[in-house]
Protein chains: 2
Amino acid sequence: MKITIKEIAEDAGVSVSTVSRVISNNPKISEATKLRVREVIERLNYKPNIMARGLVKRRTGILGVIMPKETTTLFTSPFFIEVMQGISLKGKERDYYIMYDFCKNEKEEYEGTRKLAESGLVDGICLMSTRKNDKSIQYLKETNFPFVIIGEPEEKDGVLWVDNNNLKATYDMVKKIIHENSKKIVFVGGDKNLTVTINRVAGFEKACKELKLDYSIYLGKDFSRGEGYRLAEKIFSEQKCENFIISDDNLLKGFLEYLEKSNIENVNIGSFNKANIKKVWKNKIFLLDIKPEKLGMEAVDLLANCIQDKLESCNKIVDIELN
Amino acid sequence: MKITIKEIAEDAGVSVSTVSRVISNNPKISEATKLRVREVIERLNYKPNIMARGLVKRRTGILGVIMPKETTTLFTSPFFIEVMQGISLKGKERDYYIMYDFCKNEKEEYEGTRKLAESGLVDGICLMSTRKNDKSIQYLKETNFPFVIIGEPEEKDGVLWVDNNNLKATYDMVKKIIHENSKKIVFVGGDKNLTVTINRVAGFEKACKELKLDYSIYLGKDFSRGEGYRLAEKIFSEQKCENFIISDDNLLKGFLEYLEKSNIENVNIGSFNKANIKKVWKNKIFLLDIKPEKLGMEAVDLLANCIQDKLESCNKIVDIELN
DNA sequence: ATGAAAGCGCTAACAG
DNA sequence: CTGTTAGCGCTTTCAT
C-alpha cells in the first residue's frame, strides 16, 4: 500500500495538518518541525496523492493538449513533436503534467475538448489549431475555461494565443532573396483559409508592392509534398522565375523534387521551418526557423499564468529571425 | 460551479448511491429509475469528477507514457508520432486518458517514471525504449507497478512488451532482394547495443549463411542521416556492392544522398519504416512497414489488460509483412 | 505554532 | 431494488 500523509504524521509525531503545512511550506510552522517532518517524508519517500489533493484544491496540476487532425497527415513535419517538447519542457518547469488527446477530425477535437474540460481532469487546455468558426474555442470561452491557442485565432477578443510574426518574417524574406537585377518572385503556399497563409501572403504582397516586383501567388489545397510538386509543375509550365517563397517544409520538399527531376538550377528559395531537406547543391535556400519548441513553451506559460491569475498579456509573438 | 452527483440525486429524487449505480450500470437498479436518472444526467450535462472517483477506486483511468531521449533527436522519424497515435486511439477505445512525459536523458526517464508511478496519477506506464540495465524497468518491477515496453527488453521475465518480428523480417528481406546472379550484400545499421539492431543483424546473418552469400555488416553510432551518409562513404570506399539492407529511415536518407551525389545507380535496397524518402528514380527500394501505430495499440491493450487483471499473454509480436 | 474536524465528490459495504 | 454511512487522502477553517 502506498504511504499516506497520515503515516508521515504518526512517524513525525505531529498532526496531518502540520504535515500538509510543511509540504506547502507554510511560514507558520517552526523550522524545527519542518526539518523533522521533511526528514520523515524523505525517509519514507512519501509523495502526496494527486487525486486527493486535486479533489480538495480543485486543481489537478494537469494541462490538456488537443492535437488536431493535421497531426495525422503531417507526420513528416517535425513541427508538432517539437511543439510538444516545448510544452513538456515548460510543463516540467512550472510543475504541470501534460495530457495529450490526438484527434482524427474536427468533431473529435470538439468532443475531446469538452470531455477534458468537463471531467475536471485538467486545469487548462491548449489548442494546437484554429479553425474558422471553431466550436471548441466557442465552448471554452462560454464556459470560461482557461485555454490557449497555438496559432492566431479569428476572434482574438480575450483569448490567449501564441504565434510567429509571419507577416514581418515573410516581408523580410522577400527583401532578402530578391537581387538587384531580378524583379520576379513567386509565393507557394498551402491552405488559403489558415491564418498562417493569410499572414504570410500579406507580408509577401507588402514587400512586393514596396519593391515594385512582378509577383504571383500559388496556393495548394494543403501543405503536402505532393502539392509542392504539383504546384512546381504548374508554375514552371506557366512562367520562368528564379525567386520563390515556399510556405512550409513539405511543400518545399515536393518543390525541390520537381526542380531536381527537371534539372532546374540557380533558383533562390526562402522557406519556413527547419525543413529536414536533403543537402542541396545546385540551388540556394534560406530556411527560417519558426521555433516550434518556443511556441509550445510560451503557450504553457500563458496558460499557467492564466490559471494562476497572474496574467499580464493575452498573446505572445515568437519572432522568426532572419540572419 | 460544476454540477455534482448530489444535485443529480436531488433532481431525480433518489440517493447519490443510486445515481452512482446508474452510472456504473449496476443491474440491481430498476429500468425505470435508470431511465429517470439518465434523463437528469443528460439534461444537466453531468460528468463525474475523475479525481473523486479516482480517489476511492484507486484507479485514475490514466496511462502514462515515457518518451525517451531519442524523441529529441529523432524528430525526423515519424515513428514516435505514429506510435503515439496508436496509443491514443486504443486509449480512447478502452477509455483511458494518456499522459506523456518527454525526457531529455536517461535520468529524466527514470525520474519521470518514478514520479508518475508514485503520485498515483496513472494506472500504468508505457515505456518507449529499453536500455541495457534499465533502471526504470527495474523500479517498476520491484514496485510491481503495471507497465509495458515497446521494444524487446533484455530481461523478459514477467514483463509485458510489444515488438516487431525483426529477425524474421530481415531474413525474408534478404531473400527478397538478392537475385540469382548477385551474391553480395551489405547490412547498414545503427546503435549495436539496441535489441532491434541485434535482431535484424541476426536475421540478416541467418539468411546470408543459408544462401551462402558474401556479406558484411556496417553499424553506425546512431540512426541519423549523417551516419547513413558516412557509412555509405565508407562502404563504397572499401567495396563494390549492389544489395543493401538499411535498418532505419534516417540512415536510408543519408545513404541515398550519398548515392545521388556519387551518381551510383542500379542498387537494390531493403529498408525499414515507411521512410518518408523522396521518389527514387534510379535505384530499387523495398520499404517495410513496421506499423508503429499498431505497436502503440497493442501496447495499450496489453497494459490495460494487465491493469484489469485479464492478462493472457506477456508479449505481442507485430508482424512486418513482405509483399 | 499546532491540532481537531469538516468536507472535496465519489464508491462500496451494509442494511433494509 | 434503494438508502445510509463510512471512508479514499488531502487541505483548510477554526480553535487553542
Side-chain angles (χ1 to χ4, degrees), chain A residues 1-38 40-41 44-62 95 97 115 117-123 308, chain B residues 1-38 40-41 44-62 95 97 115 117-123 308:
Chain A
M1 200 52 224
K2 269 214 67 192
I3 174 144
T4 74
I5 198 173
K6 208 174 150 198
E7 312 178 53
I8 301 297
E10 276 163 13
D11 193 306
V14 293
S15 73
V16 289
S17 33
T18 300
V19 178
S20 177
R21 287 186 185 106
V22 171
I23 290 165
S24 58
N25 202 19
N26 186 316
K28 305 201 165 204
I29 301 289
S30 73
E31 278 309 314
T33 359
K34 277 188 182 172
L35 239 52
R36 193 153 36 95
V37 173
R38 287 202 184 111
V40 182
I41 289 180
L44 269 49
N45 188 32
Y46 163 71
K47 309 282 166 181
N49 180 309
I50 305 273
M51 293 283 143
R53 175 180 288 171
L55 188 55
V56 25
K57 300 202 29 158
R58 278 71 207 298
R59 288 272 169 88
T60 62
I62 307 174
D95 234 19
Y97 292 95
K115 196 174 166 205
E118 284 162 351
S119 66
L121 234 196
V122 302
D123 296 343
Q308 295 161 16
Chain B
M1 201 51 223
K2 270 214 67 193
I3 176 145
T4 73
I5 198 174
K6 208 173 148 198
E7 313 178 52
I8 301 297
E10 276 162 12
D11 192 307
V14 293
S15 74
V16 289
S17 39
T18 300
V19 178
S20 178
R21 287 186 185 105
V22 171
I23 291 166
S24 59
N25 200 20
N26 186 316
K28 306 201 163 199
I29 301 290
S30 73
E31 278 310 314
T33 349
K34 278 189 182 172
L35 238 51
R36 191 152 37 95
V37 172
R38 288 204 183 109
V40 182
I41 289 180
L44 270 47
N45 188 32
Y46 163 71
K47 309 282 166 180
N49 180 310
I50 304 273
M51 294 283 142
R53 175 182 289 171
L55 189 55
V56 25
K57 301 209 15 164
R58 278 70 210 297
R59 288 270 169 91
T60 63
I62 307 175
D95 233 18
Y97 292 94
K115 196 173 164 204
E118 284 162 349
S119 66
L121 234 194
V122 301
D123 296 342
Q308 295 162 17

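Predicted model only: the values in this text are computed from it and were never measured. Numbered from 1 within each chain, the chains take letters A, B, ... in sequence-line order.
We find that CZ of A/Arg53 is positioned 17 Å from C1' of C/dG7, with the value rounded to whole Å. The distance from atom CD1 of B/Ile8 to atom P of C/dT11 is 12 Å, rounded to the nearest whole Å. In this entry the distance linking CD1 of B/Ile5 with C1' of C/dC8 reads 14 Å, nearest Å. Spacing between atom CD1 of B/Ile23 and atom C1' of C/dT11 amounts to 10 Å, rounded to whole angstrom units. To the nearest angstrom, C1' of D/dG9 lies 17 Å from NZ of A/Lys47. A/Lys6 places its NZ atom 14 Å from the C1' atom of C/dA5, with the value rounded to the nearest Å. Distance B/Lys28 NZ to C/dA15 C1': 12 Å, rounded to the nearest Å. Straight-line distance from the CD atom of B/Glu10 to the P atom of C/dC10: 13 Å, rounded to whole Å.
Among the heavy atoms of the strands lying under 4.0 Å from B/Lys57 are primed sugar atoms or P, OP1, OP2 only; no base atom is included. Residue B/Thr33 is classed as a sugar-phosphate contact, given heavy-atom separations below 4.0 Å to backbone atoms only. Within 4.0 Å (heavy atoms only), B/Ser17 reaches at least one base atom of the nucleic acid.
A close approach under 4.0 Å does not occur between any side-chain nitrogen or oxygen of B/Arg58 and OP1 or OP2 of C/dT11. For the OP1/OP2 pair of D/dC10 and a distance below 4.0 Å, the side-chain nitrogens and oxygens of A/Ser20 include no atom meeting the criterion. Of the side-chain N and O atoms in A/Ser30, one or more sit less than 4.0 angstrom from OP1 or OP2 of C/dT2.
If you find the closest nucleotide of DNA chain D to B/Leu55 and to B/Lys34, the one lying nearer the 5' end belongs to B/Lys34. Of the two residues contacting DNA chain C, namely B/Arg21 and B/Ala52, the nearest-nucleotide position lying further toward the 5' end is that of B/Ala52. For the pair B/Val14 and A/Met51, nearest-nucleotide mapping onto DNA chain D gives the more 5' position to B/Val14.
Between B/Val37 and B/Ile29, every side-chain heavy-atom pair lies at or beyond the 4.5 Å cut-off. A/Arg21 places none of its side-chain heavy atoms less than 4.5 Å from the side chain of A/Thr33. Between A/Ile23 and A/Tyr46 the shortest side-chain heavy-atom distance falls below 4.5 Å. Taking 4.5 Å as the limit, every side-chain heavy atom of A/Asn45 sits out of range of all side-chain heavy atoms of A/Ile3. Within the 4.5 Å cutoff, no side-chain heavy atoms of B/Glu7 are placed close to those of B/Val40. Inter-residue side-chain proximity for B/Lys6 and B/Val19 is flagged as unmet; no heavy-atom pair is nearer than 4.5 Å.
Inspection of the A/Arg58 and B/Asn49 side chains reveals no N or O donor paired with an N or O acceptor under 3.5 Å. A side-chain N or O of B/Thr18 and one of B/Ser15 form a donor-acceptor pair less than 3.5 Å apart.
For the helix from C/dA1-D/dT16 to C/dG16-D/dC1, the angle separating the two terminal helix axes comes to 40°, with each axis derived from five pairs and the value rounded to 10°.
Relative to the side chain of A/Asn49, the nucleotides D/dC10, C/dC10, C/dA4 differ in distance, and D/dC10 lies closest.
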